[in-house]
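Worksheet: one structure, shown below.
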Number of protein chains: 2
Amino acid sequence: MAKIPLPAPRRMLTLRDVSEASGVSEMTVSRVLRNRGDVSGGTRERVLEAARALGYVPNKIAGALASQRVNLVAVIIPSLSNMVFPEVMTGISDTLEDTGLQPVVGVTNYSPEREESVLYEMLSWRPSGVIIAGLEHTPAARAMLQNAGIPIVEIMDIDGTPVDAAVGISHRRAGRQMAEAIIAAGYRRIGFLGTMMPHDHRARKRLAGFEEALAEAGLALEDREFYSGGSALLKGREMTEAMLARSPDLDFLYYSNDMIGAGGLLSCLSKGIAVPGRLGLAGFNGVELLDGLPCRLATMDACRLDIGQIAAEIIAGKRAHQGLGEVVELMPKLQPGDTIRG
Amino acid sequence: MAKIPLPAPRRMLTLRDVSEASGVSEMTVSRVLRNRGDVSGGTRERVLEAARALGYVPNKIAGALASQRVNLVAVIIPSLSNMVFPEVMTGISDTLEDTGLQPVVGVTNYSPEREESVLYEMLSWRPSGVIIAGLEHTPAARAMLQNAGIPIVEIMDIDGTPVDAAVGISHRRAGRQMAEAIIAAGYRRIGFLGTMMPHDHRARKRLAGFEEALAEAGLALEDREFYSGGSALLKGREMTEAMLARSPDLDFLYYSNDMIGAGGLLSCLSKGIAVPGRLGLAGFNGVELLDGLPCRLATMDACRLDIGQIAAEIIAGKRAHQGLGEVVELMPKLQPGDTIRG
DNA sequence: CTGGTGTATGTTACCGCTAACAGCACCATG
DNA sequence: CATGGTGCTGTTAGCGGTAACATACACCAG
């Protein structure tokens, strides 16, 4: 075992430092560290030993530039505090795990401009692929995606025209489906409570589908209320109480997400309103949180884990013939819970 | 306005493409795009026009290699689904916003080995700084941090020895403080419910501080229960019911986080247990979620936003004399809510 | 006319690494 | 003995930008 001197590192270490410490060429060191090409056992040992002793960390910037390969996947989502997206991320990370690819997250806060600039920033690192939430982007963002020359997967939503591939559910259809279930259960005087964010296209589409189905049954929303910001749970409670005070005859409340739905449910429970007899409730997303509630809110699973997984598989090239324009539609399941009468 | 041809992009565009399209040298294009050095108005226009028309996206990999500057900050946290970390992220992003620096997140799932490999991966991109949760790392990870030659900020916790700077609260002290408040309120038969993760050092330290303070008052935990995985809200409910069945004489339950605490609270409410008279409850974190509950759980704010903000300021060099070893201790506030008797 | 001072642009030499190829020793084969 | 692998290592030439310096030209004071 050769003695390897341990200098105090001043400037960043390079391959040359390792090569000098181990007495071989930089190229051989590079080969050892990347496990590529033939290197004899002895040399490999010595190089690894030297690298470890020096505390060498390869410079991927240089490596990526030279090899024209970057193991990063850009993931662009509207928010991290939404519960939904961390779960999608989990699906992505797990699938990417053993591909050598690594996800890098960018957050847009539901702002198209911010999305555009985040995308620009990420593309400037030349990732191997892009996973981006939604189908609606600024023209410039669309152009960038189109010209990037890498696989693009738009996730969550499939109601629209993808740039390349898309994986998600039809929110319009999800809204319809919920409306149909509600009508079938005999509810007639229906109110809606949701977010006000103009750029939450998916919530908008759900509402559109919902109203469409109502209209086909000769019904219309009797009341609606929107919010933005703040604790969703608290907002759900407040809005529910406000709406019921204003429109006491409502027999069903449809919420744009489970958080505010849960707030509404808690409010009803504490006020002694009979759920689902007197008043039915439903949300959207199937968040895990609901399992802990005293009574299970009706909801619709958004297939978040699957979406992440499939998107990652497409990027990793693990899926059969991913012709451009591939659209994977997942089917959300209605979970009736205890808040729609049977 | 010169006509600029619009070719179908095949290979990636480079500075050379823009320089040819606009009739100036690559260097001048580079100057325009980075807004650095003197360039005449006319040239600037022409270059920007060409870049836009071509859809040129700069290659930061090459730029970073040449300039030896990378505008990335590595942020390494245990989990995204914990509520706590997205909020820290918000603090970081907001502060970094106008510094040209950009956070890149890595998630460790509370595994030290994973932390080590995530750190290695991130350092190989030569970031301008590292923000990493906790003070406990593998020896190799500590060595990497020490040798990185960039600012390192360890966040959330200050009970230990930081590599460089640290920003957080003393979880030990937080535990003590809660115990003291509980004892002062007259509770005596106390149970603990928490996570089992061996690597959640902060939860462990809170419990240690808590028990210390109990011991000083001549008390000890009467019962304890641990969980891992699953919906925290549901677990909180189940564990609470199990513990109360087993130890019906308890008069206080201390939870290691607000999520399971909320589950416990909901359980007590639905069972008609008098809170805080018969049974007191407290959690930890001050999550926004609690605002929506029918009754406010006692908790302790972990200063998450501030932690993110200050950490980012240190990395950005916005703070006065950040001598190595700087420790910023934030003071969490006890929020008694409605579940500790007054 | 000279020289100094800008302003605007171009030239050169890398940054740290890897692809591609070249070189060399060693062996089996016909 | 020429021939052609095969296994290991080194050499060369970039990857696409940027720092630092060089150059060109205009302008004005002396």
> Nucleotide range of DNA chain C contacted by chain B, 5' to 3', under 4.0 Å to a heavy atom?
Replying inline: dA8(C) to dG16(C)
Quick one: [X] [atom1] to [N] [atom2], roughly how many Å, whole number?
X        : N       : atom1 : atom2 : result
Gln68(B) : dG17(D) : CD    : C1'   : 12 Å
Leu15(B) : dG16(D) : CG    : C1'   : 7 Å
Lys60(B) : dG17(D) : NZ    : P     : 12 Å
Leu13(B) : dG16(D) : CG    : C1'   : 12 Å
Arg31(B) : dA19(D) : CZ    : P     : 10 Å
Asn59(B) : dG16(D) : CG    : C1'   : 6 Å
Leu65(B) : dG14(D) : CG    : C1'   : 12 Å
Met27(B) : dT23(D) : CE    : P     : 17 Å

OP1 or OP2 of [N] versus the side-chain N and O atoms of [X]: is any pair under 4.0 Å?
X        : N       : value
Tyr56(B) : dG17(D) : yes
Thr43(A) : dC8(D)  : no
Ser25(A) : dG10(D) : yes
Arg36(B) : dT18(D) : no

> Which of these passes side-chain hydrogen bond (donor to acceptor under 3.5 Å, both in side chains) with Arg44(B): Asp38(B), Thr28(B), Asn35(B)?
Replying inline: Asn35(B)
> Should Arg142(B) and Val163(B) count as side-chain neighbours, where that means a heavy-atom distance under 4.5 Å?
Replying inline: yes
>> Which residue is it: Ile131(B), Thr99(B), Ile150(B)? I am looking for the one with a side-chain contact (heavy atoms from CB on, under 4.5 Å) to Val73(B).
In response: Ile131(B)
>> Both Val24(B) and Arg34(A) contact DNA chain C. Which one's nearest nucleotide lies toward the 5' end?
In response: Val24(B)
> Closest nucleotide of DNA chain C for Val57(A) versus for Gly23(B): which of these residues is on the 5' side?
Replying inline: Gly23(B)
Main-chain N/O of [Y] paired to [X] side chain as donor or acceptor, under 3.5 Å:
X         : Y         : result
Asp157(B) : Leu135(B) : no
Asn59(B)  : Ala62(B)  : yes
Glu313(A) : Thr95(A)  : no

> Got a salt bridge between Arg52(B) and Glu49(B), using NZ or NE/NH1/NH2 to carboxylate O under 4.0 Å?
Replying inline: yes
>> Does Arg44(B) reach a base, just sugar-phosphate, or nothing at all? Heavy atoms under 4.0 Å.
In response: nothing
